[in-house]
Amino acid sequence: VFEAEDLLTGELVALKAIPAEEKLRRRARREMRAVSSLDHGAIVRMLSNAEDENYIFVSFELVRGNDLSVVLRERRLEESEILRAVAAVCDALEHAHARGVIHRDVKPGNILLREDGILKLTDFGIAQMDHPDATVDESLLGTLSYMAPEQVRGEMLTGSVDVWAAALVAYEALTRKNPYRSKNPVELAEKHRK
């Protein structure tokens with residue numbers, strides 16, 4: 001992701017340059033379909049896209065700040081700030097779920113905290129949508145340590161997997177530990193069982 005200038009508007013944007021390899025192309029197109037259906041203050045807006053033979057370019061609103069994983073490492077947020085951040089994530093997820101979009105990878109690294117304190121949910125690259133052909137990968141997708149039990153088992157997913165992940169983000173932010181940190185799906189499934 002690069003900071004770039006939109007030559008038509010003069011606006012500074014975040015520009016994703018995604019190699020045109022087939023699997024990455026499918027994910028980029030899925031992210032564009034998912035994000036274009038969303039319009040919420042706590043979700044990073046997609047602005048435009050273009051393709052050539054080597055790359056797919058997608059421009060998003062530029063968010064100056066850090067992701068929540070960096071913020072939590074650098075300084076401890078007040079409990080009230082953490083709860084406000086998670087509430088904003090949940091509100092954004094409710095908006096997405098109402099439009100048939102399940103994020104599937106809610107984690108601190110996909111939650112951006114602008115310098116002015118506004119939170120933005122980003123990276124819908126592995127989102128699941130209601131459209132029958134929208135989920136193009138059959139493999140286990142997401143970040144292992146934030147996956148709900150049904151996600152690890154490969155079952156049909158609902159928005160509850162995002163709620164699980166948002167709750168884990170809150171737990172981790174408040175306690176500095178993720179009780180489901182795992183190296184592989186078998187280890188995670190065992191932690192879920194216990």
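We're numbering straight along the sequence, starting at 1.
Of the possible donor and acceptor atoms, one in the side chain of Glu61 sits under 3.5 Å from a partner among the backbone N and O of Arg45.
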_Applying salt bridge (Lys or Arg N to Asp or Glu O under 4.0 Å) to Glu78 and Arg84, what does each step give before you reach the verdict?_
CA-CA 10 Å; Glu78 296 292 322; Arg84 273 195 304 276; over 6 Å; no

*Give the C-alpha distance, both sets of side-chain angles, the deciding distance and a yes or no for side chain to side chain contact (heavy atoms under 4.5 Å, CB included) between His103 and Asn110.*
CA-CA 10 Å; His103 189 285; Asn110 285 338; 3.9 Å; yes

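Note on Val161 and Leu38: separate hydrophobic clusters, where clusters join Ile, Leu, Val, Met, Phe, Trp and Tyr whose side-chain heavy atoms are under 4.5 Å apart, directly or indirectly.
Residues Arg27 and Glu22 are not paired through a salt bridge, judged by the lack of any N-O separation under 4.0 Å between the basic side chain and the carboxylate. Salt-bridge annotation for Glu172 and Arg181: present, with a side-chain N of the basic residue lying under 4.0 Å from a carboxylate O of the acidic one. A salt bridge is defined here as a Lys NZ or Arg NE, NH1 or NH2 lying under 4.0 Å from an Asp or Glu carboxylate O, and Arg153 with Glu155 meets this definition.
A heavy-atom distance below 4.5 Å is not found between the side chains of Asn66 and Glu115. A heavy-atom distance below 4.5 Å is not found between the side chains of Asn178 and Tyr171. Residues Leu47 and Phe60 are not in side-chain contact: their nearest non-hydrogen atoms beyond the backbone lie 4.5 Å or more apart.
Here the shortest heavy-atom pairing between Asp123 and Glu31 reads CA-OE2, 3.6 Å.
Residues Ser48 and Ser59 have side chains that bring a donor and an acceptor to within less than 3.5 angstrom of each other.
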